[in-house]
Amino acid sequence: MPAKSLSGGGRPLFPPGPAGMLLYAVDAVLTPGSPVSDIGQLTELASDAVAVGGGHVLDTSHVTFPNGAVTLVLILAESHLAIHTWPEDNLIAIDLFSCGAIDGPRVAAELARLLRLDDVRMQRIDRGTAAR
């Protein structure tokens, strides 16, 4: 599948915001009611959370493993969101990488609410600082 272009006239559609490049890393516990095993529902809820944070989903891809674990990647105009689950350990890891204006804490909070996650821990990591 060809890559989707986000430029028009030599400038990016969504230029980097003042926050620069950030990684929001979220670790949490899956609860019994968490809808992560339904890839359609997980994709819809993750897309909804991205929209709440001001992001724009361009494409999605996923893999469901034999044990029911899921890796879901949403390609965003602002970069990407990746969700990885380990159902045997009731764990979920979410990585939101942002090169533009997106409210990472709001996306994480909305994902925690929509996916009914427990013991949510988030780290914000500045990226690309060596190049600045």
Side-chain angles (χ1 to χ4, degrees):
M1 171 186 316
K4 291 183 173 56
S5 173
L6 290 181
S7 60
R11 60 174 215 198
L13 183 61
F14 295 97
M21 294 185 287
L22 299 171
L23 172 65
Y24 296 94
V26 178
D27 294 307
V29 174
L30 296 169
T31 62
S34 183
V36 299
S37 61
D38 179 333
I39 194 63
Q41 189 175 17
L42 178 60
T43 302
E44 180 179 336
L45 295 174
S47 297
D48 290 347
V50 165
V52 165
H56 305 84
V57 177
L58 302 175
D59 204 355
T60 65
S61 185
H62 76 277
V63 175
T64 302
F65 296 92
N67 68 341
V70 172
T71 293
L72 170 67
V73 178
L74 278 63
I75 307 301
L76 310 179
E78 301 78 14
S79 196
H80 67 273
L81 172 79
I83 297 175
H84 313 280
T85 68
W86 290 268
E88 67 276 12
D89 295 321
N90 294 322
L91 297 177
I92 186 169
I94 302 166
D95 297 317
L96 171 62
F97 187 77
S98 171
C99 298
I102 189 170
D103 188 341
R106 190 159 181 204
V107 173
E110 189 68 4
L111 279 169
R113 184 184 73 78
L114 293 172
L115 300 179
R116 297 183 282 256
L117 304 179
D118 199 7
D119 192 22
V120 178
R121 290 166 278 129
M122 183 178 81
Q123 298 177 63
R124 178 189 137 161
I125 303 165
D126 291 317
R127 301 295 304 267
T129 54
R132 288 188 214 150

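Keep in mind it's a predicted model, so treat the numbers as computed, not measured. When a residue number appears, it is its place in the shown sequence, counting from 1.
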A.B. asks: Is the closest side-chain heavy-atom distance between V36 and V70 below 4.5 Å?
C.D. replies: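 No, side chains not in contact.
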A.B. asks: When you compare the side chain of F97 with that of L76, does any pair of heavy atoms fall below 4.5 Å?
C.D. replies: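 L76 does not reach F97 side chain to side chain.
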A.B. asks: Drop me the distance from L117's CG to N90's CG, to the nearest 0.5 angstrom.
C.D. replies: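 Going from CG on L117 over to CG on N90, the span is 11.0 Å.
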A.B. asks: Please determine whether side-chain contact (heavy atoms from CB on, under 4.5 Å) holds for the pair H84 and D95, giving the CA-CA distance in whole Å, both sets of side-chain angles, and the decisive distance to 0.1 Å.
C.D. replies: CA-CA 9 Å; H84 313 280; D95 297 317; 4.2 Å; yes
A.B. asks: Quick check: is V107 connected to V73 through a chain of hydrophobic side chains (ILVMFWY, heavy atoms under 4.5 Å apart)?
C.D. replies: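 Per the 4.5 Å side-chain linkage, V73 and V107 are not co-clustered.
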A.B. asks: Kindly compute the distance separating CD1 (I125) from CG (L23), expressed to the nearest 0.5 Å.
C.D. replies: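 Atom-to-atom, I125:CD1 and L23:CG are 4.5 Å apart.
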A.B. asks: Taking a hydrophobic cluster as the set of Ile, Leu, Val, Met, Phe, Trp and Tyr residues connected by side-chain heavy atoms closer than 4.5 Å, whether directly or through intermediates, do L114 and V120 fall within one such cluster?
C.D. replies: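 Both belong to a single hydrophobic cluster.
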A.B. asks: V57 pairs by side chain to side chain contact (heavy atoms under 4.5 Å, CB included) with which of D48, L81, T43, V50?
C.D. replies: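 In the set D48, L81, T43, V50, the residue that makes a side chain to side chain contact (heavy atoms under 4.5 Å, CB included) with V57 is V50.
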A.B. asks: Do you know the tightest heavy-atom contact between C99 and M21?
C.D. replies: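 Looks like SG-CG, 4.1 Å.
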A.B. asks: Less than 4.5 Å apart, side chain to side chain, heavy atoms only: is that true for R116 and P35?
C.D. replies: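 The answer is yes; the side chains approach within 4.5 Å.
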A.B. asks: Hey, could you give me the CD1/CG distance between I83 and L96, rounded to the nearest 0.5 Å?
C.D. replies: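 Spacing of CD1 (I83) from CG (L96) equals 10.0 Å.
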A.B. asks: Distance from L42 atom CG to L111 atom CG, nearest 0.5 Å?
C.D. replies: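 Here the interatomic distance stands at 8.5 Å.
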A.B. asks: Which atom names give the shortest non-hydrogen contact between P87 and G68, and what distance separates them?
C.D. replies: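 Heavy atoms only, the tightest pair is CG-C, 3.7 Å.
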A.B. asks: Which distance, rounded to the nearest 0.5 Å, do you find between the CG of L72 and the OG1 of T85?
C.D. replies: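 Between L72 CG and T85 OG1, I get 9.5 Å after rounding to 0.5 Å.
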A.B. asks: What do you reckon, is CD of E88 surrounded by more than 12 foreign heavy atoms closer than 6.0 Å?
C.D. replies: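 Atom CD in E88 is crowded, with more than 12 foreign heavy atoms closer than 6.0 Å.
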A.B. asks: Distance from I94 atom CD1 to M122 atom CE, nearest 0.5 Å?
C.D. replies: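 Output value for this atom pair is 11.0 Å.
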